[in-house]
K.L.:
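Sharing a structure with you now.
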Amino acid sequence: MLNEEDRRITGTFSVNGRSRSWSFSPEATLLHVLRDHGHTEVKNGCEEGECGACLVLLDGKPVPSCQVFAATARDREITTVRALGTIHAPHPIQEAFVEVGAVQCGFCTPGIVLATAALLRENPNPSDEDIIHALDGQKCRCTGYVKIIEAVRLAARRGRHE
Amino acid sequence: MSEFQVVGHSVTKYDALALATGEARFTDDFPHEGFLELALLWSSHAHAEIVSLDTSEAEGVPGVVAIFSAANVPRVLYTSAGQGAPEPSPYDMVLFDTTVRHVGDRVALVAAESLAAAREAVGKIRVEWKPLPPLFDAEAARDEGAPKLHGGDHHAPLPVPYDPGHNLAASVSFDFGDREGAFDRATRVEEHEYRVQYASHCALEPHAALASFDERGRLVLVSSTQVPFHARRITARVLQIPTGMVRVIKPRIGGGFGGKQEVLIEPLVALAAWRTKRPCRLVLSREEVFVSGRTRHPVRLRLRTGADPRGNLTALDLDALMGAGAYGPHALTVLSMVGGKTLPLFNKIPAMRFQGNSVYTNLPVGGAYRGYGATQGFFALNQQIDMHAREAGEDVISWIKRQTIRAGETSPVFKALGEGKEGVDQIVRSCALEACLDRGAEAIGWKEKRGRRLCPTPDTVRGVGVAVAMQGSAIPSIDLASVSLKMNEDGSFNLLAGAADLGTGADTALGQIVAEVLTVPTEKIVVLSGDTDVTPFDVGAYASSTTYLSGKAAEKAARDVASQILAVGARMLEVPREELTLAAGRVCHAPSGRSVSLEEVACDALYARDQHQIQASASHVAPESPPPFLAQFAEVEVDRRTGHLRVIKFVSAVDCGQPIHPALAEGQVEGAALNGIGYALWEEYRFDGQGRLTNPNFWDYKIPGVRDLPEMVTILVPSSEPSGPFGAKSVSEIGINGPGPAIANAFFDATGVRLFDQPFTPEKVLRALREAGGS
């Protein structure tokens with residue numbers, strides 16, 4: 001049997017606009033490869049594709065990265081929440097979450113912020129049902145979602161008036 | 001509007017932006033290159049002896065560095081409950097035992113160069129088991145012939161009831177008044193049995209811990225804990241090393257809800273690191289959290305109540321049987337609070353008895369869970385008062401107002417039930433329950449909807465129900481919080497707090513309290529919390545304590561610093577100190593109109609005359625535990641064909657004293673309410689005949705998603721608690737106590753049928769409707 005090092009494969013990924021070349025084991029998920037290479041903004045909540053904490057955009061589409069083999073994400077565009085903003089230059093969606101008090105423990109927040117970004121890019125004027133549909137895969141145990149929905153509404157409103 | 005400048009305003013939560021950008025670090029986000037990876041072998045048996053454990057094949061897996069089990073780990077009895085010392089929980093566990101007591105009990109720990117190697121080695125450990133008869137039924141636990149789980153040297157470190165010979169992890173009772181006489185004279189007696197179930201906290205961040213060494217060879221733990229100081233003490237004790245050799249750092253925590261008030265995995269990473277002299281990492285999988293983490297204790301409640309012709313309760317008898325699971329962390333204290341945090345609310349009842357037993361079973365281990373027994377107790381109490389009010393022909397809201405505690409009153413229960421010792425006598429000094437009831441009723445549309453049985457379709461019917469609750473604010477005369485505070489050249493301040501912000505925003509609330517005293521914006525307060533090397537002691541985040549208790553310590557330290565600032569200002573302005581006040585970040589002399597800035601004061605003290613650091617530390621222990629109060633209202637719709645019970649609207653009206661940060665306080669209530677709705681409707685542990693959990697994942701154990709959110713209204717009803725910082729009481733737990741009974745009462749309002757057994761799944765709802773006939 002081959003040892004772990006010999007079994008590793010390599011791949012090139014475009015992560016937040018930067019080309020990255022990484023080696024990883026064939027069964028590694030995108031979640032683990034991203035986290036192993038410093039992308040700790042992608043959180044691991046369940047590894048079952050159910051909580052949404054590990055959400056990334058793959059070619060612009062939201063996917064739970066724990067359900068994607070890294071091998072299948074080679075040569076594709078991966079966007080994490082880090083691409084949106086930083087504490088020095090936050091994205092308006094991030095500002096809206098902070099402003100209305102939608103961030104409690106914050107473990108789910110990067111995934112929910114990304115899901116919101118994907119929604120508002122497709123649909124700048126979402127109805128409440130659109131918001132619920134977009135956040136359906138994102139779990140939060142702290143907030144009861146009330147202020148999260150409020151934050152998405154606020155971000156949408158501001159986006160339209162920009 | 002708030003009468004304060006900073007308190008009562010929803011200022012920016014300190015860590016919110018870094019969390020929203022993903023830059024804030026949780027435990028597993030800290031670098032761990034070169035760490036050994038740990039994996040556990042869990043018991044697949046509910047009750048068995050380990051006859052032999054063969055690790056030879058596992059040790060041959062390339063990359064395996066060490067394997068720990070009962071064979072090579074000293075046997076130190078302890079409890080994993082993160083409580084003060086000595087703990088009111090029995091010492092009934094060791095790190096690795098030769099008997100396993102539930103599926104998911106620890107058998108062995110592997111440390112390896114990679115997680116893959118560690119897991120492969122776990123699979124190659126050969127165990128020869130001798131199965132023992134399992135005990136799954138709490139009702140049978142005290143029978144003479146029942147399998148015994150504990151004994152030998154297992155003991156309670158405090159003088160509390162502990163009887164492993166009868167599988168009793170704890171028991172509690174109190175009794176006052178002429179109960180049987182009162183029942184004899186009662187015109188109506190209700191007696192019912194209720195059941196509340198096992199549940200998981202489901203904090204999105206699983207338990208994680210890293211162990212490494214500092215340059216003196218001390219152990220440094222980074223851990224997702226609510227109790228850094230208890231984790232330090234218990235870990236050091238279990239490893240038999242001095243407390244000073246351990247540092248625990250609490251980084252950002254991804255929710256806890258009581259699940260991380262448990263010293264679960266810190267001793268494991270510490271053991272592996274200490275023995276291998278290598279840094280080690282352990283992160284539990286979601287399934288491991290479900291089976292090996294702590295849970296909501298299931299309770300069977302028998303409640304008997306008697307009333308006079310007006311419907312006033314004259315006698316109450318509550319018997320609680322709690323399933324502690326395989327070990328007893330919090331078995332006594334949660335049990336006590338089934339009565340202790342519920343019965344004082346009904347302080348007009350002249351005769352009362354509460355008896356509780358907490359029994360071992362070969363099932364998952366109970367622990368602290370938001371609500372802490374009150375959730376279980378209020379499930380029964382709120383349904384029974386709904387019955388009595390209906391029988392008396394009175395609206396339940398006016399009934400509750402007449403029969404519940406008010407400001408200026410007390411209850412004998414406060415003294416009767418403490419946490420491991422006698423409780424404390426206290427007079428409730430703030431209570432806005434009446435206003436909570438009125439404002440909540442208005443928001444739900446009580447008058448328009450109660451008893452109307454509106455039918456939006458031929459198969460569906462609606463109803464509304466109410467539940468009331470209280471909690472506490474810290475454990476009186478037991479919990480200690482402390483902080484230190486120092487002033488910098490620019491008029492900013494460092495607050496070092498032992499408290500553990502687990503995602504609630506506690507750091508921000510403490511910063512607000514200090515900022516209010518010092519008349520500066522919260523940006524001027526730099527808060528660092530929960531690092532045992534850096535901050536003073538605090539028991540940690542549990543028992544709804546941080547805002548009330550740590551907040552008071554912060555207020556005391558800030559007042560001390562303020563007085564030192566005025567002393568320096570008096571010297572600088574050459575005026576008597578009594579003529580000076582702090583306002584808008586300046587020391588002001590009103591008679592002359594002169595002032596100096598905080599920057600000038602700090603620089604004068606640090607560099608000019610009578611040089612000293614303006615600084616203070618303060619501790620706080622509260623002699624009382626002022627309860628927050630709340631009324632929660634549910635409007636439900638029942639599909640009589642399918643048994644589907646849906647919450648349409650949910651209103652929480654809460655008296656938490658002066659809210660320090662209204663948006664965060666609302667967030668606590670909203671999160672607790674939705675957690676409670678999930679618990680009422682579907683969250684439960686399901687076991688097979690061998691005691692295995694059949695739904696240990698988020699697909700089969702659903703937590704509420706955004707689609708499950710009813711129309712949610714949260715009202716903070718103003719009051720002011722004299723003993724709290726700026727009038728504050730607690731708010732973090734209480735909101736989970738009402739959803740179950742409010743929904744059950746709403747279901748009765750819609751159908752005339754009672755639901756005694758949570759969760760209210762469609763199967764149970766249909767069965768209840770059919771058994772009642774009709775519908």
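We name chains A, B, ... by the order of the sequence lines, and we start the count at 1 in each one.
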K.L.:
Can you tell me which of Gly671(B), Ala18(B), Ala663(B), Ser10(B) forms the most heavy-atom pairs within a distance under 4.5 Å of chain A?
P.N.:
Gly671(B)
K.L.:
In terms of heavy-atom proximity below 4.5 Å to chain B, should His133(A) be classed as side chain, backbone, both, or neither?
P.N.:
both
K.L.:
With respect to chain A, which residue among Gln668(B), Glu670(B), Arg25(B) yields the maximal number of heavy-atom pairs within a distance under 4.5 Å?
P.N.:
Glu670(B)
K.L.:
Which residue out of Val113(A), Ile149(A), Val42(A), Val146(A) racks up the most heavy-atom pairs below 4.5 Å with chain B?
P.N.:
Val146(A)
K.L.:
What are the two closest heavy atoms between Leu204(B) and Phe107(A), and how far apart are they?
P.N.:
O-CE2, 3.4 Å
K.L.:
Say you draw a straight line from CG of Asp15(B) to CD1 of Ile87(A); how long is it, rounded to the nearest 0.5 Å?
P.N.:
11.5 Å
K.L.:
In Å, rounded to the nearest 0.5 Å, how long is the span from CG of Asp136(A) to CZ of Arg707(B)?
P.N.:
4.5 Å
K.L.:
Can you tell which of Arg82(A), Glu129(A), Lys139(A), Lys43(A) has the highest number of heavy-atom pairs within less than 4.5 Å of chain B?
P.N.:
Lys139(A)
K.L.:
Phe257(B) and Cys142(A): side-chain contact (heavy atoms from CB on, under 4.5 Å), yes or no, with the steps?
P.N.:
CA-CA 9 Å; Phe257(B) 316 110; Cys142(A) 293; 3.7 Å; yes
K.L.:
For the atom pair CG (Leu135(A)) and CG (Leu709(B)), what is the distance rounded to the nearest 0.5 Å?
P.N.:
11.0 Å
K.L.:
Supply the atom-to-atom distance Leu17(B) CG to His91(A) NE2, rounded to the nearest 0.5 angstrom.
P.N.:
12.5 Å
K.L.:
State the CZ-CD distance between Phe698(B) and Glu48(A), to the nearest 0.5 angstrom.
P.N.:
7.0 Å
K.L.:
Would you call Glu50(A) and Arg286(B) a salt bridge, using N to O less than 4.0 angstrom?
P.N.:
no
K.L.:
Hey, what do you get for SG (Cys105(A)) to CZ (Arg252(B)), rounding to the nearest 0.5 Å?
P.N.:
10.5 Å
K.L.:
Thr86(A) and Thr21(B): which non-hydrogen atoms are nearest, and at how many Å?
P.N.:
C-CG2, 3.7 Å
